[in-house]
Amino acid sequence: MATDTPPAPATPEQGSARGVTHRGDRMFRGLSRGSGIALLVLMAAIAVFLSWRTALAIGADEANFLTSFEWDANADPPRFGIAVLAFGTVVSSLIAMVLAVPVAVGIALFISHYAPRRLATPLGYVIDLLAAVPSIVYGLWGALFLVPHLTGLYTWLDEYLGWTGLFAYDGGPARSLFTAAVLLAIMILPIVTNVSREVFRQSPKMQEEAALALGATRWEVIRMSVLPFGRSGVISASMLGLGRALGETMAVATVLSPSFLIKASLLNPGGGTFAQNIAAGFKEAGSTGRDALIASGLVLFVITLLVNGAARLIIARRKEYSGANA
């Protein structure tokens, strides 16, 4: 009768397969979980602090915080509202997206599918370098170069499109929301381009080769295979760029001539954004004035969270871009 042989000792690979975790795995899992919890605690702490100071500011405000067109938080009694700031932030960011996203997608397609490698590689490096330029450098360039050279464009728009009211121009320096939007478009261009480029490079090569074998042109391959595959990635990249545009501070503060008026024309000086107003007014603000600026920061914080949440939902629709089990 055959005797039972004792089981062989399990190797590390077999132990892992049977659910036995090693000390290093437990430490890494604990550190990863702790990092995630710490991030949530930090976000909650920021939200609690902003909400507390916002409650103090709104309690002292003698105007409607959401609809008032004035900002005199240091007066007695204080009167301030975010209507102009919300309008300027949203309008300048949306115009920047309209200007930047088509150009960024075109550059990404050129680098990934049209340009030869010896041109695509240095061009990609240049785009990466644009993303590393500090905001204040963009702001100085915008104030010293962009503002004077946009006057001709403003005059042309006023001549041919001034009848719409949106592009009426009264003359003077081009320090308007449209100028801020142009500068924001240049600043978010590298972000949208880089993410879109990487997404387009992941498009299925077999589908592209099959389409070419069937006689499709290069544009037809991009239209039928690359763009549908990368649609979620492009939208997500656009959301990331929108988040950058919403929170940009120094560049907008350098080129914009702020005022608490909502004007029909995008070309005349005036308007403001949340970040620009905080940067410009925090130093001179008193106790209530700082609380008012923090209250406007809470609104920007909520808008940014909504944008990032929308980007996450869009990414989650495609497992290729959302991670394994994220």
Does one hydrophobic cluster hold both [X] and [Y], with members joined at side-chain heavy-atom distances below 4.5 Å?
{"X": "Leu261", "Y": "Val252", "result": "no"}
{"X": "Trp71", "Y": "Phe87", "result": "yes"}
{"X": "Val299", "Y": "Val91", "result": "yes"}
{"X": "Phe145", "Y": "Val182", "result": "yes"}
{"X": "Ile111", "Y": "Val192", "result": "no"}

[X] side-chain N/O to [Y] backbone N/O, donor-acceptor pair under 3.5 Å:
{"X": "Lys263", "Y": "Gly271", "result": "no"}
{"X": "Ser257", "Y": "Arg175", "result": "no"}
{"X": "Ser93", "Y": "Val90", "result": "no"}
{"X": "Ser265", "Y": "Ala168", "result": "yes"}
{"X": "Arg218", "Y": "His113", "result": "yes"}
{"X": "Ser32", "Y": "Arg29", "result": "no"}
{"X": "Asp61", "Y": "Ala57", "result": "no"}
{"X": "Ser196", "Y": "Val105", "result": "no"}
{"X": "Arg201", "Y": "Ser112", "result": "no"}
{"X": "Asp72", "Y": "Arg79", "result": "no"}

Do [X] and [Y] have side chains that get closer than 4.5 Å, going by heavy atoms?
{"X": "Phe80", "Y": "Leu85", "result": "no"}
{"X": "Val302", "Y": "Leu306", "result": "yes"}
{"X": "Tyr138", "Y": "Thr254", "result": "no"}
{"X": "Met43", "Y": "Phe301", "result": "yes"}
{"X": "Ile82", "Y": "Leu66", "result": "yes"}
{"X": "Leu157", "Y": "Leu267", "result": "yes"}
{"X": "Val255", "Y": "Leu146", "result": "no"}
{"X": "Thr179", "Y": "Val147", "result": "yes"}

Looking at every non-hydrogen atom in both residues, tell me the closest pair between [X] and [Y] and how far apart they are.
{"X": "Ser68", "Y": "Ala63", "answer": "OG-CB, 3.7 Å"}
{"X": "Met239", "Y": "Val307", "answer": "O-CG1, 3.5 Å"}
{"X": "Ala60", "Y": "Pro78", "answer": "O-CG, 3.2 Å"}
{"X": "Gly289", "Y": "Asn74", "answer": "CA-OD1, 3.6 Å"}
{"X": "Ala181", "Y": "Ser92", "answer": "CB-O, 3.4 Å"}
{"X": "Glu220", "Y": "Gly215", "answer": "OE1-O, 4.4 Å"}

Could you state the interatomic distance from [atom1] ([X]) to [atom2] ([Y]), rounded to the nearest 0.5 Å?
{"X": "Leu99", "Y": "Phe178", "atom1": "CG", "atom2": "CZ", "answer": "5.5 Å"}
{"X": "Ser51", "Y": "Leu56", "atom1": "OG", "atom2": "CG", "answer": "11.0 Å"}
{"X": "Phe200", "Y": "Ser225", "atom1": "CZ", "atom2": "OG", "answer": "11.0 Å"}
{"X": "Thr217", "Y": "Arg223", "atom1": "OG1", "atom2": "CZ", "answer": "8.0 Å"}
{"X": "Ser238", "Y": "Ile191", "atom1": "OG", "atom2": "CD1", "answer": "11.0 Å"}
{"X": "Glu248", "Y": "Thr89", "atom1": "CD", "atom2": "OG1", "answer": "11.5 Å"}

Please step through side chain to side chain contact (heavy atoms under 4.5 Å, CB included) for the pair Met97 and Ile188, ending with a clear verdict.
CA-CA 8 Å; Met97 296 297 296; Ile188 68 176; 3.7 Å; yes
Audit row: Thr249, Ile278, side chain to side chain contact (heavy atoms under 4.5 Å, CB included) steps and yes/no
CA-CA 8 Å; Thr249 304; Ile278 293 173; over 6 Å; no
Could you check Ile303 against Leu246 for side chain to side chain contact (heavy atoms under 4.5 Å, CB included), going step by step and ending with a plain yes or no?
CA-CA 8 Å; Ile303 294 175; Leu246 289 170; 3.6 Å; yes
Decide if atom NZ of Lys283 counts as having more than 12 heavy atoms of other residues, nucleotides or ligands within a radius under 6.0 Å.
no
Within a 6.0 Å radius of atom CZ on Phe49, are there more than 12 heavy atoms belonging to other residues, nucleotides or ligands?
yes
Verdict with supporting geometry, Leu300 and Thr273, side chain to side chain contact (heavy atoms under 4.5 Å, CB included):
CA-CA 10 Å; Leu300 181 60; Thr273 66; over 6 Å; no
Side chains of Ser176 and Tyr169: do they bring a donor and an acceptor to under 3.5 Å?
no
Ring geometry between Phe110 and Tyr114 (parallel below 30°, tilted from 30 to 60°, perpendicular above 60°)
parallel
